[in-house]
**Student:** 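I am attaching a structure below and will ask some questions about it afterwards.
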2 protein chains.
Amino acid sequence: MELSEPVIARRTGRPLSFDRDAALVVAMRLFWQHGYEATSVADLTRAMGITPPSLYTAFGDKRQLFREAVDRYLGGAATIVAGIAAAARASDAARDLLTAAALGDTGDDTPPGCLLASAIVSSSASAADVREELAAIRRGIEAALRARIERDVAQGVLPADSDAEALAGLVFAVVQGMSTLAKDGAGRDKLMRIVDGAMRSWPAAG
Amino acid sequence: MELSEPVIARRTGRPLSFDRDAALVVAMRLFWQHGYEATSVADLTRAMGITPPSLYTAFGDKRQLFREAVDRYLGGAATIVAGIAAAARASDAARDLLTAAALGDTGDDTPPGCLLASAIVSSSASAADVREELAAIRRGIEAALRARIERDVAQGVLPADSDAEALAGLVFAVVQGMSTLAKDGAGRDKLMRIVDGAMRSWPAAG
DNA sequence: AGCGATATATAGCGATCGCTATGGAACTGT
DNA sequence: ACAGTTCCATAGCGATCGCTATATATCGCT
């Protein structure tokens, strides 16, 4: 699930005239703010300060640039999954996930909402596979949370009749939904209180 | 908030060669499935079985057609707001809202997810105002739920320290989030169990 | 039949989409 | 200096976007 540009090749030649990583961050912010389809290559090149051929040689095409931007945004989806598995309890993993989402959705100098949640909703035929990639990342994180919950159930930390799938699904629904709320204008304080409310639905720990 | 075509005008002339309402339903389903921006006028005219000039004379332009489709989808936003206000208790209104969303997101012969939640997330400059209209509808429904909760608090049905804004926000976040889950493949059964989980966070009734 | 009014079909407007062919500029090696 | 390699800038590709000008067809009315 990790993306990394190949370190091979590069046989002399004219050097890059721009900071590749800085340009990637600029692209990430544009995708974050406007979504995948509404961000045009012209928008990207203008904001990144480069011309289309430079973008295409450096990042492949718009789709691959978006993939790198998503990975940059998440800090590596694998990191998140590992963090869930490493939490002391499933409820901690859930609260961490919700809190990180609430904070990330309402950063002072970042666009409101969640890139992963809102980058692609509409699906023109050309973007359907990109959407499916994002869905796979979402399902992967949700599955990790569900597995962490089931571990707590097996160890008696959570009641035996806990619905792990529904619990994980609820957490994820709130994560996704908070992104929309943030885009609609909700502030950090409100989202944090929503997180508190969501965690109230958590079964009593043993 | 209600849209209705004017019944005035109509001074003879050639009659419509298609069923306006049936065509509207077709458009609604397209918008529902692909979102606002990803549904092109060419897609619409092809599916509706009409030509572009017919669409523009009958519905104005793409934006107005979308507005009518949204209204058709919601069955009138005012109806929903009235239903919330009329519920016996705020918790009933919340559960009804969540259940309706879960069912609507997973209809057998309708696209997965919620038109209101997912039609516009990305916001190109041209669609920003349409997005804002949808956000206003969402905020209106959320505000109605919040008002209903505050009424229960004032009447002692809910604890005095209940956070009405957060409760309404949580319900709405789950509604929005379930749409994404449905689009990602979640079924009706799972969503209904998520609804049950969400309602567990509700304060104990008096 | 003729007129005013409205809807329809054909065709295509200017703008933008993602993307790239071409040629020159900037580097490392020999 | 020169070859080899890679990047940059200009310009523009074909396709699609939302939308409409033009001309024709179909209605009620006189």
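Here is the naming used below: chain letters follow the sequence lines, and residue numbers restart at 1 for every chain. Below, all heavy atoms of this structure are taken into account, side chains as well, without hydrogens, waters or symmetry copies.
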**Student:** Roughly, in whole Å, what's the span from CD in Gln64(B) to P in dG18(D)?
**Tutor:** 15 Å
**Student:** Using a cut-off of 4.0 Å on non-hydrogen atoms, how would the nucleic acid contact of Thr39(A) be classed: base, sugar-phosphate, or nothing?
**Tutor:** sugar-phosphate
**Student:** Looking at Tyr56(A), I'd like to know if the NZ or CZ of Lys62(A) sits under 6.0 Å from its six-membered ring centre while staying within 45 degrees of the ring's axis.
**Tutor:** no
**Student:** For Arg46(B) and dG18(D), what is the distance between atoms CZ and P respectively, to the nearest whole Å?
**Tutor:** 11 Å
**Student:** Provide, to the nearest angstrom, the distance between the CZ atom belonging to Phe18(A) and the C1' atom belonging to dT6(D).
**Tutor:** 12 Å
**Student:** Ignoring hydrogens and angles, state whether a donor on the side chain of Arg200(B) or Ser201(A) is under 3.5 Å from an acceptor on the partner side chain.
**Tutor:** no
**Student:** Starting at the 5' end of DNA chain C, which residue's closest nucleotide do you reach first, Pro53(B) or Tyr56(A)?
**Tutor:** Pro53(B)
**Student:** Going by an N to O cut-off under 4.0 Å, is there a salt bridge joining Asp189(B) and Arg193(B)?
**Tutor:** yes
**Student:** If I take atom CG in residue Leu44(B) and atom C1' in nucleotide dT16(D), what distance separates them, rounded to the nearest angstrom?
**Tutor:** 14 Å
**Student:** Is there a side-chain contact between Ser54(A) and the phosphate of dC8(D), meaning an N or O under 4.0 Å from OP1 or OP2?
**Tutor:** yes
**Student:** Can you find a donor-acceptor pair, distance only, under 3.5 Å between Arg14(B) side chain and dC27(D) base?
**Tutor:** no
**Student:** Rounded to whole angstrom units, what separation is found between the NZ atom of Lys62(B) and the P atom of dT16(D)?
**Tutor:** 15 Å
**Student:** Before accepting this row, confirm whether a basic side-chain N of the pair Arg148(A)/Glu142(A) lies closer than 4.0 Å to the acidic partner's carboxylate O.
**Tutor:** no
**Student:** Rounded to the nearest angstrom, tell me the gap between atom CG in Leu16(B) and atom C1' in dA9(C).
**Tutor:** 15 Å
**Student:** Check every atom of dT20(C), dG18(D), dC7(D) against the side chain of Ser40(B) and return the nucleotide holding the closest atom.
**Tutor:** dG18(D)
**Student:** What's the closest nucleotide to the Ala42(B) side chain, out of dT20(D), dC17(D), dC8(D)?
**Tutor:** dC17(D)
**Student:** Round to the nearest Å and state the distance from Ile50(A) atom CD1 to dC7(D) atom P.
**Tutor:** 12 Å
**Student:** Charged N to carboxylate O below 4.0 Å: is that the case for Arg139(A) and Glu165(A)?
**Tutor:** no
**Student:** Nearest to the side chain of Thr51(B), heavy atoms from C-beta on, is which of dT26(D), dC17(C), dT10(C)?
**Tutor:** dT10(C)
**Student:** Between C1' on dC7(D) and CZ on Phe59(A), what's the gap in Å once rounded to a whole number?
**Tutor:** 14 Å
